[in-house]
Visitor: 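Pasting in a structure now, in structure tokens, and then I'll have a few things to ask.
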There are 2 protein chains.
Amino acid sequence: MEAQIDEILRKNQLSVTGSRKRILELFLMSNGALAHGDIEKKTGEKFDRVTVYRTLQTFLEKGIIHTIPTSDNSVLYALCKDNCSEGHHHDDHVHFICQKCAKTICLADVHIPQVKLPGGFLPHDYQMVVTGLCAACR
Amino acid sequence: MEAQIDEILRKNQLSVTGSRKRILELFLMSNGALAHGDIEKKTGEKFDRVTVYRTLQTFLEKGIIHTIPTSDNSVLYALCKDNCSEGHHHDDHVHFICQKCAKTICLADVHIPQVKLPGGFLPHDYQMVVTGLCAACR
DNA sequence: ATTTCGCATGCAACTTTGTTGCAAAAAGAT
DNA sequence: ATCTTTTTGCAACAAAGTTGCATGCGAAAT
Ligand SMILES: [Mn+2]
Ligand SMILES: [Mn+2]
Ligand SMILES: [Zn+2]
Ligand SMILES: [Zn+2]
């Protein structure tokens, strides 16, 4: 794990620092998505709030994590499974949010189906979020 | 319009007040979605911020409006096109967010395609958001 | 039309969340 | 070990959202 973390950071030309290692570790451990608040809680007093914001921002720009839209004024982040690169994400998979345990899971194998849009619209990015009950909660 | 507004409020057993009329009018006028901030700006100093929060909350509960998830810590609201009722929304249409003009459009005619989820997941609600360029901006 | 009652609103105070500038500290390079 | 660049923490701030409570207004009853 330690080695994996280092590799990810190096591969993205990021210096290996305590906060980056820890936050990346959190993502690798939880197979789901994390909100900014989750990370703050789990890192405790270890890092400044601002550092968490900036680290997430950096990871996002480098394509290490991607965002998942939600309807509740929060943004979720999850590790990019595919080979995303700086500025070019392609996580065209469906996300599932459990209404009971609130876990968000990347369904990496479930691709987002294409839809036909009315004339004039030029689509660029598709997002699909399914809410319901996860296997553990149903 | 005035009549339409009154009817919507009455139908939902809501008393007809200034702020509710005004906010509903904003939704009827803009064919797109509105964020809380948009409404605050457009109503100017007319209503208290808290009233806007509470009005949106009420409309949401009554099924007059629905939310649209976004990836930027904002929630968008739009009029329910179908007959949504208290607690039971069924706006299974795709939403389009223009990256240039930032307008969000309900594609009421574009239904969200069904996807097959891995075993165990019990889906309840599907959301699909497409970003790109709208007809006016491309 | 007037009164009554409950719901809606405004205000104040507060909490939470996110941003920015800058100096100190830590990484990486030499 | 020293230098240079990047990252971090802190402080101060701005924006966004919440809550309790007194007042005002809408809708119904008289
Ligand atoms: Mn994902
Ligand atoms: Mn819609
Ligand atoms: Zn669950
Ligand atoms: Zn546009």
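In what follows, every chain begins at residue 1, and chains take the letters A, B, ... in the order their sequences are listed. The structure displayed is predicted, hence computed values, not measured ones.
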Visitor: Do you see a donor-acceptor pair shorter than 3.5 Å between the side chains of Thr51(B) and Thr55(B)?
Guide: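 Short answer, no.
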Visitor: Would you mind reading off the distance between Asp72(B) atom CG and dG18(C) atom P, rounded to a whole angstrom?
Guide: 11 Å
Visitor: At a heavy-atom distance below 4.0 Å, which nucleotide of DNA chain D is the first touched by chain B, and which is the last?
Guide: dA16(D) to dA27(D)
Visitor: Measure up the His66(B) and His93(B) rings against each other and bin them: parallel (under 30°), tilted (30 to 60°), perpendicular (over 60°).
Guide: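 Perpendicular: the ring planes of His66(B) and His93(B) meet at over 60°.
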Visitor: In whole Å, I'd like the distance from the CD1 atom of Ile39(A) to the P atom of dT17(C).
Guide: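 Rounding to the nearest Å, CD1 of Ile39(A) and P of dT17(C) are 13 Å apart.
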Visitor: Which distance, rounded to the nearest 0.5 Å, do you find between the NE2 of His95(B) and the CG of Leu76(B)?
Guide: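 CG of Leu76(B) is found 9.0 Å from NE2 of His95(B).
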Visitor: Atom CD of Glu45(B) to atom C1' of dG10(C): distance rounded to whole Å?
Guide: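 Value for this atom pair: 13 Å.
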Visitor: For Asp38(A) and Ala35(A), indicate whether the former's side chain and the latter's backbone hold a donor-acceptor pair under 3.5 Å.
Guide: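 Indeed, once roles are kept as given, a pair shorter than 3.5 Å links the two residues.
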Visitor: Report yes or no: does Arg22(B) contribute a side-chain atom to a donor-acceptor pair with the main-chain N or O of Thr43(B) at less than 3.5 Å?
Guide: no
Visitor: Would you indicate whether Asp72(A), at its atom CG, is surrounded by more than 12 heavy atoms from other residues, nucleotides or ligands within a distance under 6.0 Å?
Guide: yes
Visitor: Grab the CG-C1' distance between Leu60(A) and dG18(C) for me, whole Å please.
Guide: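 Answer to the nearest Å: 15 Å.
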Visitor: Rounded to the nearest angstrom, tell me the gap between atom CD in Glu61(B) and atom C1' in dA8(C).
Guide: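 Roughly 14 Å, once rounded to whole Å.
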Visitor: May I have the distance from Lys46(B) (atom NZ) to dT9(C) (atom P), rounded to whole angstrom?
Guide: 12 Å
Visitor: I'd like a list of close polar pairs between nucleotides 21-30 of chain C and the protein, N/O only, cut-off under 3.5 Å.
Guide:
| from | atom 1 | to | atom 2 | distance (Å) |
| --- | --- | --- | --- | --- |
| dG28(C) | OP1 | Val16(A) | N | 2.7 |

Visitor: Tell me what Thr58(B) touches on the nucleic acid: a base, only sugar-phosphate, or nothing, going by heavy atoms under 4.0 Å.
Guide: nothing
Visitor: Should we count NE2 of His111(A) as having more than 12 external heavy atoms under 6.0 Å?
Guide: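 Result for NE2/His111(A): enclosed.
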Visitor: By nearest heavy atom, map Phe47(A) and Tyr53(B) onto DNA chain D; which one lands nearer the 5' end?
Guide: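 Upstream on the strand: Phe47(A).
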Visitor: Within this structure, what is the CG-OG1 distance for the pair Asn12(A) and Thr58(A), rounded to the nearest 0.5 Å?
Guide: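 These two atoms lie 10.5 Å from each other.
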Visitor: Would you say the base of dG18(C) and the side-chain of Arg49(A) have a donor-acceptor pair closer than 3.5 Å?
Guide: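 Checked by distance alone, the answer is yes.
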Visitor: May I have the distance from Gln57(A) (atom CD) to dT20(C) (atom C1'), rounded to whole angstrom?
Guide: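 To the nearest whole Å, that distance equals 14 Å.
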Visitor: Can you find a side chain N or O atom of Asn73(B) that sits less than 4.0 Å from OP1 or OP2 on dT17(C)?
Guide: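 No.
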Visitor: Measuring from atom NZ of Lys21(B) to atom CG of Leu28(B), what distance do you get when rounded to the nearest 0.5 angstrom?
Guide: 13.5 Å
